[in-house]
Amino acid sequence: MNLVIVESPAKAKTINKYLGSSYEVLASFGHVRDLPAKNGSVDPDADFQMIWEIDPKAAGRLNDIAKALKGADKLILATDPDREGEAISWHVLEVLKQKRALTDQKIERVVFNAITKQSVTDAMKHPREIDGALVDAYMARRALDYLVGFTLSPVLWRKLPGARSAGRVQSVALRLVCDREMEIEKFVPREYWSLIATLATPRGDNFEARLVGADGKKIQRLDIGTGAEAEDFKKAIEAANFKVSTVEAKPARRNPYAPFTTSTLQQEASRKLGFAPAHTMRIAQRLYEGVDIGGETVGLITYMRTDGVQIDPSAITQARKVIAEDFGNAYVPDAPRQYQAKAKNAQEAHEAIRPTDLSRRPSDVSRRLDAEQAKLYELIWIRTVASQMESAELERTTVDIEAKAGSRVLELRATGQVVKFDGFLAAYQEGRDDDAEDEDARRLPAMSEGEALKREALAVTQHFTEPPPRYSEASLVKRMEELGIGRPSTYASILQVLKDRGYVRLEKKRLYGEDKGRVVVAFLENFFTRYVEYDFTAALEEDLDRISNNEVSWKQVLHDFWKGFIGAVDDIKELRVAQVLDVLDDMLGPHIYPAREDGGDPRQCPSCGTGKLNLKAGKFGAFVGCSNYPECRYTRPLASDSGADADRVLGTDPDTGLEVAVKSGRFGPYIQLGEAKDYGEGEKPKRAGIPKGTSPSDVELDVALKLLALPREVGKHPETGQPIKAGIGRFGPYVQHEKTYASLEAGDDVHNIGLNRAVTLIAEKIAKGPSKGRFGAAPGRAIGEHPTLGEVSVKKGRYGAYVTAGGVNATIPGDKAEDAITLPEAVALLDERAAKGGGKAKKAPAKKAAAKKADGEGKPAKKAAPKKAKPKAETAAASKARAPVKAKTSAPKKRRQVQACGQEERCQNG
C-alpha cells in the first residue's frame, strides 16, 4: 500500500479514483503547522530559530495519516506545485518524524499541474525529494512577516492607540491606496478647451476632426486655457474653408495576449466579470479540483497560482486544432506562439493557467458548472485559444486638414483605424481599467489630398483636468505586480486583509483609503520610511526569490533585514505619543482640515470659536478634538461623513409593490421592505442586514431584493434528498443541510453558490467533526495570556462574539472582526469590563500568572477580589505600589505576549 498526501478532501477523492486500490489518498486540509501567535516564535538572537505549533484542527488529521502510514510501503507527498505546497509537504513530513511514525517507508515528492488521470499517473513516475530551497524561501517569508508583525504592531498600538496590525507587504499595498488619496486631495483642476469640427466629404460622409495647430504653432491638449481663446479659434473656424492636406495610411499588427497568470486572471475577472480577486481564486480552485464529467471527476484547469506564461506543447497543438475547427485555417499562425514571463523570477508553478482539455468547449461543460464557474472557465478557455491565434491586421489612418480663414491658417486632424483582418480579436479583447474613448478606433471615410470639405458642426467644449483615478482591485493588483510587491499567491489575501481591517473600503468598484488606514500609512512613512518604500520591498522580494533558487542563504537575508529594522524600532520607542500626533497632524492636514467655503481657518473650533482643532488619540483610534479641552469637549472623526449611511429609497419590489430602502439603524445599515403601515397588526416590515464588506452606497435594488429573498434553497442533497439552504446569519453567510451548518469561505457568494460547492462545504464540515467544549459549547480560540486573569479566548455567544478570561466576559465591538481581534485589544476590553463590574475577576492559576515587565508597562498578578466588591481599574503607579504577590501565585518572568498580523504571505492553500 502507498500513502499519498494532498491538501483537500475533494482532491483526495478524485486522485484515489485515478490511482486505484493500491493507493490510499488522505488530505491534510491545507497547512498543518504555523508559528504560534506569541512572542518568541522566531528568535533573532538564536539564529532565527523558529517554533512551530500544530494547528489543533489538524491534530486529528495528522494522527490519521500516522496511523495509515503504519501499513504503507511508501509515503508520497503530492501537495500543490508551488512554494506553499512544498512547505505543506515539509511540515507533514517533520510532524511524522516527531511522532516516530516513519520506519523504513520510502519518501517521495511528486507534483502535477492538473488534476487529470494522465497528469497524476505521469507525476507518479517522476518522483523527487522535497525542494529544500523552496522550503527555505517559505521559512524566510514566514519569519519576516512574523518579525514585522510582532515587532512593529506593538509600536503602533503604543504610539497610535486604536491602530491595528501592520504587515510587511500589506503596509506597502496600503500606501499605494493612501498615496493616491493624497494625490486626489492635493490635485488642482486646470481648465482647458477643445474644438472639434464635424466635417463632410463631397460624398456626404461625416467625420470629426480636432484643432491641433494655428498660425504655424502646434496646439496641445491643454494649450487653450480660457474661454476667450476658445472663442477666438471658434470664429476663425466658422469663417474658414476646409481642404484635405495629407492622407497617411499605415499598416499595423496587434498580437494576442499571453495566457493567464494569477495576476492577469484576477485583473480580467475583475474587469469583465466583476469578481473580487479572492472570489476569482476560490472559483479557480474549484475548477482546478474538478467536476464530475461522464461519471469521473476531472480537473478543468491547470494550477491557478503561477506567474508563468508558457503552456505545454501538447496543449498548443490542441489549441491550433480547435482554432482551425472553430475559426478557420486563416486564423492559425504558421508557427506556434511562445511567450516569456515578464517577471524577473517566475518562481511559482511554471505553466500558465489553461484548460486541461481545450476540446471541452465552454458550451459543453456549462451545464455541469454553476453560473460563476461557467463564466470563469469560459474566460480562461477563450484567452488560451486566443493566445495561439493569428495577429490582427489593422490600417491606421491620419488625415490632416487645412482650414484657411483670411490670413489665418488652422490645422485640424482626424485619426481612425480599420481592421483588415480580425485575427485573435474574433475571439478575445482584453478589458480596460478606464472608460476613456479611443478616438483612433473610429473608422474614417475615404478621402484624397486636396479634396474640399464642408463644415457641418463645431463643438467648443470646456474641460477640467481630473485627478488620477482611485485604484480598482484589478488596477491595484496590476500596479503591485509592476512594482514587484508581493507574489501571485498573496495578491488576493493582501487585498482581503486590508478590507477586513477597515483600512480601505470598496465602493463602486474603487478602493478608498479609510481614516484608520491613512493614519497608519502616515505613521509608517514618517517613522519607518525605508520599510514602506516600493523599491525596498521589491528588492526584498527578489532576495526571497534568490533563496528559492538556492543563490543565497535564507538566514543571511533575515540577518541583513533584522539589523536595520530593529534599529528603526528602537529609535522610535523614546518618542512620546504627542510628538507622533503632531507629525501626523501636519502630514494629514489637507485631509483632516479641508478648506472652508467661507475662507475661514479650517482649524478653528466650530464649538468654542477660540480653540484650534488638532489630532488626538483615543482607545478606539485617532480623532479630532479642540485645544481648549476640557473646557471645550468638541470632537469629530478625522473626516466628516458624506452621508452615505442616510436612508435611501432603492425602488419598488416587483412582487409586492412595496418600497425597498436602505436605512440606518442602531446596529448599522440594513435593508427594509415597505413600512409598518404596509403590514398587518403585530407584523413587522421584512428586513435584511447588509453583509460585511459591502458599502451601503453600493447596494442597489437588485442586490437588496436578493438579500431580502434569503435564505434560499440551493438544491436537494444528492444522498438524502433533503434541501440545502443558503443564507446570512449572525456569524455571516452559511449553507445548511438538516442540522449541519457550514460557513461560506472567502470568495463564496451566498446568492450564487451552487449545489456542488454547497455539498462540498457540508461534507468538509462533517468530516472535521463538531468542535465542542466541556458542556457542548464551542471552546473558543485561545489568543494568549491576560496579565492577571489567565488565558484569553475568543468565543461566539448568543449575542455575538466576545473575549473571556478569568470569568470576565467582554463583547467584541461590531467594527472589529472576530478572527482579527488581537491580544492587546482583548486585554483592553477585559480591563474596561472588569472596571465596570462585569464578570468575576478570578485569580489566575499560578502557572499562568505573568510577572511585571522590567520597563513598568506590565502589571503584577492581582489578588482575587472579594465576592461583593466590584473590581476597579488600577493605574500603573498604583500597581507598582501594591504589596508583592505571594510566592505561590508568582511565576517566572516571561515576555509579554502580543498578537500581530504575520499572516499576509500565507497562500490560500490553508
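Just so you know, these numbers come straight off a predicted model, no measurement behind them. Any value given below was found using the heavy atoms of this structure, including those in side chains, with hydrogens, waters and symmetry copies removed.
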Cation-pi between [X] and [Y]: NZ/CZ under 6.0 Å from ring centre and within 45° of the ring axis?
X	Y	value
Arg180	Tyr471	yes
Arg505	Tyr512	yes
Arg175	Tyr534	yes
Arg33	Trp90	yes

side-chain contact (heavy atoms from CB on, under 4.5 Å), paired with Leu144, selected from Phe561, Trp554, Phe48: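 So, applying the side-chain contact (heavy atoms from CB on, under 4.5 Å) to Leu144 and each of Phe561, Trp554, Phe48, only Phe561 qualifies.
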Please examine the side chains of [Y] and [X], heavy atoms only from C-beta on, and report whether any two atoms are closer than 4.5 Å.
X	Y	value
Phe523	Val580	yes
Trp562	Pro44	yes
Arg142	Asp34	yes

For [Y], is there any backbone N or O sitting under 3.5 Å from a side-chain donor or acceptor partner on [X]?
X	Y	result
Tyr531	Phe565	yes
Thr79	Gly85	yes
Ser41	Pro36	yes
Ser387	Ala258	no
Ser475	Ser472	yes
Ser171	Arg168	no
Asn549	Glu551	no
Ser548	Asp545	yes
Glu7	Asp80	yes
Thr537	Glu533	yes

- prompt: What heavy-atom pair brings Leu558 and Ala143 nearest, and what distance separates the two atoms?
  reply: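 Shortest heavy-atom separation between Leu558 and Ala143 comes out as CD1-CB, 3.8 Å.
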query: Met182 and Cys178: side-chain contact (heavy atoms from CB on, under 4.5 Å), yes or no, with the steps?
result: CA-CA 6 Å; Met182 194 168 295; Cys178 294; over 6 Å; no
- request: Kindly indicate, with the supporting measurements, whether the criterion side-chain contact (heavy atoms from CB on, under 4.5 Å) is fulfilled by Val569 and Phe528.
  value: CA-CA 8 Å; Val569 171; Phe528 291 89; 3.7 Å; yes
message: For Tyr257 together with Tyr339, are the ring centres under 6.0 Å from each other?
response: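 No; Tyr257 has its ring centre 6.0 Å or more from that of Tyr339.
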field: Trace of the side-chain contact (heavy atoms from CB on, under 4.5 Å) decision for Thr280 with Glu268
entry: CA-CA 10 Å; Thr280 298; Glu268 277 294 85; over 6 Å; no
- prompt: Without hydrogens or angle criteria, can the side chains of Glu351 and Asn113 be said to hold a donor-acceptor pair below 3.5 Å?
  reply: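 On atom types as modelled, these side chains qualify, holding a pair under 3.5 Å.
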message: As a test of understanding, state which of Gln170, Gln496, Glu514 forms a side chain to side chain donor-acceptor pair (under 3.5 Å) with Arg501.
response: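 Testing Arg501 for a side chain to side chain donor-acceptor pair (under 3.5 Å) against Gln170, Gln496, Glu514 leaves exactly one candidate, Gln170.
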message: Salt bridge or not between Lys478 and Glu481? Use side-chain N to carboxylate O under 4.0 Å.
response: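 Result for this pair is no, no salt bridge flagged.
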